[in-house]
2 protein chains.
Amino acid sequence: MTDHSRRQVTLDEVAERAGVSRSAASRVINNAPHVSKAKREAVQRAVTDLGYVPNATARALATQQVGAVVLAISSDNPQVFADPFFAEVAVGVNSVLEETELELILQLATSSRGQTRLEQLLRTRQADGVMLMSMHGDDPLAQLAEKSDVPVVFGGTPTNFEPQYYVDADNRGGARLATEHLVATGRRRIATITGRMDESAGTARYKGYQEALAVAGLDAGRVVYGDFSEEGGGQAMEQLLAEHPDLDAVFVASDQMAIGAMRVLKLAGKTIPGDVAVVGFNDVALARHTEPPLTTVAQPIQSLGREMARMLLALIAGESPTPLILPTRLVQRASS
Amino acid sequence: MTDHSRRQVTLDEVAERAGVSRSAASRVINNAPHVSKAKREAVQRAVTDLGYVPNATARALATQQVGAVVLAISSDNPQVFADPFFAEVAVGVNSVLEETELELILQLATSSRGQTRLEQLLRTRQADGVMLMSMHGDDPLAQLAEKSDVPVVFGGTPTNFEPQYYVDADNRGGARLATEHLVATGRRRIATITGRMDESAGTARYKGYQEALAVAGLDAGRVVYGDFSEEGGGQAMEQLLAEHPDLDAVFVASDQMAIGAMRVLKLAGKTIPGDVAVVGFNDVALARHTEPPLTTVAQPIQSLGREMARMLLALIAGESPTPLILPTRLVQRASS
DNA sequence: CTGAAAGCGCTAACAA
DNA sequence: TTGTTAGCGCTTTCAG
């Protein structure tokens with residue numbers, strides 16, 4: 001390896017080596033026009049000879065563009081990251097950013113410190129754009145982001161307003177799919193355990209459930225409100241069993257909750273899917289391994305990340321992309 | 001589209017508003033000494049009045065410090081991120097960085113583009129420090145990082161050399177723990193399914209297994225080499241069963257593989273842990289939910305991230321921290 | 001097509 | 001304790 005790595009090679013050095021002015025060198029680097037072929041080649045040679053790499057900071061200062069975008073995850077609960085969801089989104093985002101010169105800055109806003117930083121970032125434009133995944137519905141940061149001067153795209157939709165630019169999974173459609181499947185397989189007394197109703201994923205899935213039952217002309221009254229946790233899913237199932245002992249199926253708004261629910265169901269002596277069919281949501285890795293394996297709704301998580309990044313790029317380029325809703329699909333396994 | 005430009009409040013404006021020189025203002029901002037109380041307060045007032053936030057880019061250019069560190073994950077396989085491991089490390093890292101002014105840049109180096117960028121970064125100091133998790137042993141990037149001018153701390157250890165600064169989980173100790181547990185519960189014909197031997201986690205866990213058996217005076221010859229995947233775990237178990245039908249326990253170097261192995265074991269009519277005891281490694285969420293629940297070795301993943309970040313901070317501050325090996329612990333469940 | 005010169009916003013050495 | 005003065009490395013008018 002060449003040992004030019006000691007001190008940084010500057011543009012001036014390149015220019016001198018190539019025997020041209022700094023501006024000419026600059027033009028070549030940014031392949032701008034108005035440079036003779038001869039000079040262009042001389043500069044290129046100097047660049048490889050010297051191992052020149054432009055100083056991103058200086059460039060950022062001169063162009064007033066940071067060269068970095070932020071993936072911000074705002075949540076009141078650091079626990080959410082135990083979920084592979086986050087990682088997969090990041091992979092998707094990264095895959096499209098890799099094609100550009102942009103860096104990816106990660107901003108987990110769980111503590112108040114983290115939130116303050118995100119706020120400042122939004123106010124002072126320390127990034128060229130922000131992708132914000134807000135894990136609870138009425139996040140003040142979400143509002144602030146929407147008003148910000150910095151281009152922002154949302155992952156998922158806040159509950160209290162509809163952002164201008166977002167990409168979301170089709171939670172409602174997925175829930176409808178799941179419930180329709182239950183109807184199609186002969187179930188008639190279909191209950192649901194909802195997610196947190198302060199998250200749009202929670203409300204949307206509940207709506208999907210209602211819609212499907214309305215279309216089928218079935219009663220949508222067997223409802224217990226859950227919290228997305230395994231623990232909570234179990235409790236909800238107990239309550240459901242007590243209030244509606246006749247149920248023959250349950251659509252559970254997350255796999256975690258479904259796992260808890262299945263445990264309770266088995267404890268109560270119910271067979272799955274014989275007595276009660278169960279469908280979950282998310283298709284986490286665990287779903288394949290439950291007893292019986294869990295029918296569930298899969299979301300295109302990596303695509304979500306990818307599309308968020310693409311949308312942000314478009315925004316930065318001055319375009320006006322339209323919001324996106326990505327399709328979900330039913331994954332049938334033995335529990336229904 | 002909305003006009004995303006807005007002028008930023010500069011230090012000069014603050015200085016003027018406060019009626020002091022720019023250097024005085026600067027000193028206050030960085031709370032340096034040599035400023036009279038009166039001026040200090042005047043500046044502070046101006047700052048809040050104007051809503052001044054320093055321009056990080058300009059500061060970076062002037063100080064020659066980027067104000068950001070990189071968490072780089074180098075792997076030939078984008079799939080590794082499906083693992084929550086990555087997310088948890090990031091959370092740990094973030095938690096300590098949150099206490100500082102440093103940003104966290106994520107660099108997933110799976111594609112050659114990503115690797116090139118990481119290389120450039122290492123060569124040209126576009127970050128104040130790098131945390132490198134290298135997922136396969138003889139990663140050329142690892143060598144490059146070690147030679148780099150930029151402070152680097154490794155997560156896990158490469159197979160082909162020992163870096164100066166690293167934090168790793170005690171894979172060897174964990175494997176020994178697991179195997180000793182098997183010995184202590186009366187098993188005598190203990191097999192192992194190893195991980196990939198081009199990853200240090202793979203070789204270290206294999207060594208731990210060997211050590212424990214050597215100490216116990218038992219035969220350590222029932223070995224099949226695996227690849228950390230569920231699929232591979234199943235195949236390895238088949239081979240093991242064919243070659244060593246007398247085995248009464250198996251230490252499997254990852255939970256994923258253990259799950260595959262348990263499936264094969266059951267198919268072969270073996271009871272767990274009656275006929276064959278099984279112990280895994282990692283304590284993934286799934287381990288709690290297998291049938292029977294999987295005894296496994298837990299690693300302190302978040303701590304790993306936290307300690308990496310702390311070590312990097314120390315390095316940046318000019319200290320010489322010592323490498324760290326974090327303890328693992330046995331989580332006993334029904335499979336052993 | 002080419003190069004000189006004026007910044008981008010901040011820090012830091014040096015005088016005063 | 002103050003303020004003045006150079007830069008940090010790059011981009012970008014603006015004349016030539």
Side-chain angles (χ1 to χ4, degrees), chain A residues 4-44 46-47 50-68 101 120 123-128, chain B residues 5-44 46-47 50-68 101 120-121 123-128:
Chain A
H4 302 297
S5 36
R6 202 73 233 161
R7 231 182 37 108
Q8 144 137 41
V9 180
T10 70
L11 188 53
D12 298 81
E13 286 163 24
V14 171
E16 180 172 339
R17 166 74 160 248
V20 303
S21 70
R22 182 166 75 244
S23 16
S26 174
R27 289 190 186 106
V28 174
I29 303 294
N30 302 304
N31 45 64
H34 308 305
V35 186
S36 69
K37 187 156 185 169
K39 281 198 201 289
R40 187 170 293 269
E41 279 165 1
V43 171
Q44 278 158 349
V47 164
L50 267 37
Y52 169 76
V53 178
N55 179 319
T57 305
R59 178 177 283 180
L61 184 59
T63 59
Q64 299 290 70
Q65 300 199 330
V66 183
E101 298 285 76
Q120 290 204 349
R123 293 224 343 282
T124 65
R125 206 187 179 72
Q126 306 286 10
D128 295 323
Chain B
S5 53
R6 192 183 58 176
R7 254 218 30 238
Q8 120 150 54
V9 179
T10 70
L11 224 199
D12 298 81
E13 285 164 25
V14 171
E16 180 173 339
R17 166 75 159 248
V20 304
S21 70
R22 183 168 72 247
S23 20
S26 174
R27 289 189 185 108
V28 173
I29 302 294
N30 302 303
N31 45 61
H34 309 304
V35 185
S36 70
K37 187 158 187 171
K39 282 199 200 287
R40 187 170 292 269
E41 280 164 1
V43 171
Q44 278 159 347
V47 164
L50 267 35
Y52 170 76
V53 178
N55 179 319
T57 305
R59 178 178 283 179
L61 185 59
T63 59
Q64 299 289 67
Q65 300 200 330
V66 184
E101 298 284 77
Q120 291 204 347
L121 193 148
R123 291 221 348 279
T124 64
R125 211 186 180 75
Q126 306 285 11
D128 295 324

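Every chain is numbered from 1 and lettered A, B, ... according to where its sequence line falls, protein lines coming before strand lines.
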Please determine whether side chain to side chain contact (heavy atoms under 4.5 Å, CB included) holds for the pair A:Q44 and A:V28, giving the CA-CA distance in whole Å, both sets of side-chain angles, and the decisive distance to 0.1 Å. CA-CA 8 Å; A:Q44 278 158 349; A:V28 174; 4.1 Å; yes
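- For B:A24, whose side chain is taken as the heavy atoms from C-beta onward, the closest listed nucleotide among D:dG3, D:dT2, C:dC10 is D:dG3.
- Spacing between atom NE2 of B:H34 and atom P of C:dA15 amounts to 16 Å, rounded to whole angstrom units.
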Kindly indicate, with the supporting measurements, whether the criterion side chain to side chain contact (heavy atoms under 4.5 Å, CB included) is fulfilled by B:V20 and B:R27. CA-CA 11 Å; B:V20 304; B:R27 289 189 185 108; over 6 Å; no
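- Atom CD of B:E16 has 12 or fewer neighbouring heavy atoms from other residues, nucleotides or ligands inside a 6.0 Å radius.
- Annotation: the span from A:R125 atom CZ to B:T57 atom OG1 amounts to 11.0 Å, rounded to 0.5 Å.
- Of the possible donor and acceptor atoms, none in the side chain of B:R123 sits under 3.5 Å from a partner among the backbone N and O of A:V53.
- Put simply, B:Q64 has a side-chain N or O that comes within less than 4.0 Å of OP1 or OP2 on D:dG9.
- The two residues A:A46 and A:R17 come nearest to each other via the heavy atoms CB-CG, 3.5 Å.
- To the nearest angstrom, C1' of D:dC8 lies 13 Å from CG of B:N55.
- One can place CG of B:D12 at 14 Å from P of D:dT5, the figure rounded to the nearest angstrom.
- Overall bending of the helix from C:dC1-D:dG16 to C:dA16-D:dT1, expressed as the angle between end axes built from five pairs apiece, is 40° (10° steps).
- If you measure from atom CZ of A:R125 to atom P of C:dG9, you get 13 Å, rounded to the nearest angstrom.
- Distance, A:L61 CG to C:dA6 P: 18 Å, rounded to whole Å.
- A:D128 places no side-chain N or O within 3.5 Å of a backbone atom of A:Q65 that could act as its donor or acceptor partner.
- A 6.0 Å sphere centred on CD of B:E41 holds more than 12 heavy atoms belonging to other residues, nucleotides or ligands.
- At least one side-chain nitrogen or oxygen of B:K39 sits closer than 4.0 Å to the OP1 or OP2 atom of D:dG3.
- Residue A:Q65 contributes atom CD, which lies 17 Å from atom P of D:dC10 at whole-angstrom precision.
- Rounded to a whole Å, the CD atom of A:Q126 is 11 Å from the C1' atom of C:dG9.
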Distances for protein N or O near nucleotides 11-13 of chain C N or O, under 3.5 Å:
{"unit_1": "C:dT11", "atom_1": "OP1", "unit_2": "B:N30", "atom_2": "OD1", "d": "3.4"}
{"unit_1": "C:dT11", "atom_1": "OP1", "unit_2": "B:N30", "atom_2": "ND2", "d": "3.3"}
{"unit_1": "C:dT11", "atom_1": "OP1", "unit_2": "B:R59", "atom_2": "NE", "d": "2.7"}
{"unit_1": "C:dT11", "atom_1": "OP1", "unit_2": "B:R59", "atom_2": "NH2", "d": "3.3"}
{"unit_1": "C:dT11", "atom_1": "OP2", "unit_2": "B:S26", "atom_2": "OG", "d": "3.1"}
{"unit_1": "C:dT11", "atom_1": "O4", "unit_2": "B:R22", "atom_2": "NE", "d": "3.4"}
{"unit_1": "C:dT11", "atom_1": "O4", "unit_2": "B:R22", "atom_2": "NH2", "d": "3.1"}

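- B:Q64 CD to A:N55 CG: the interatomic distance, rounded to the nearest 0.5 Å, is 7.0 Å.
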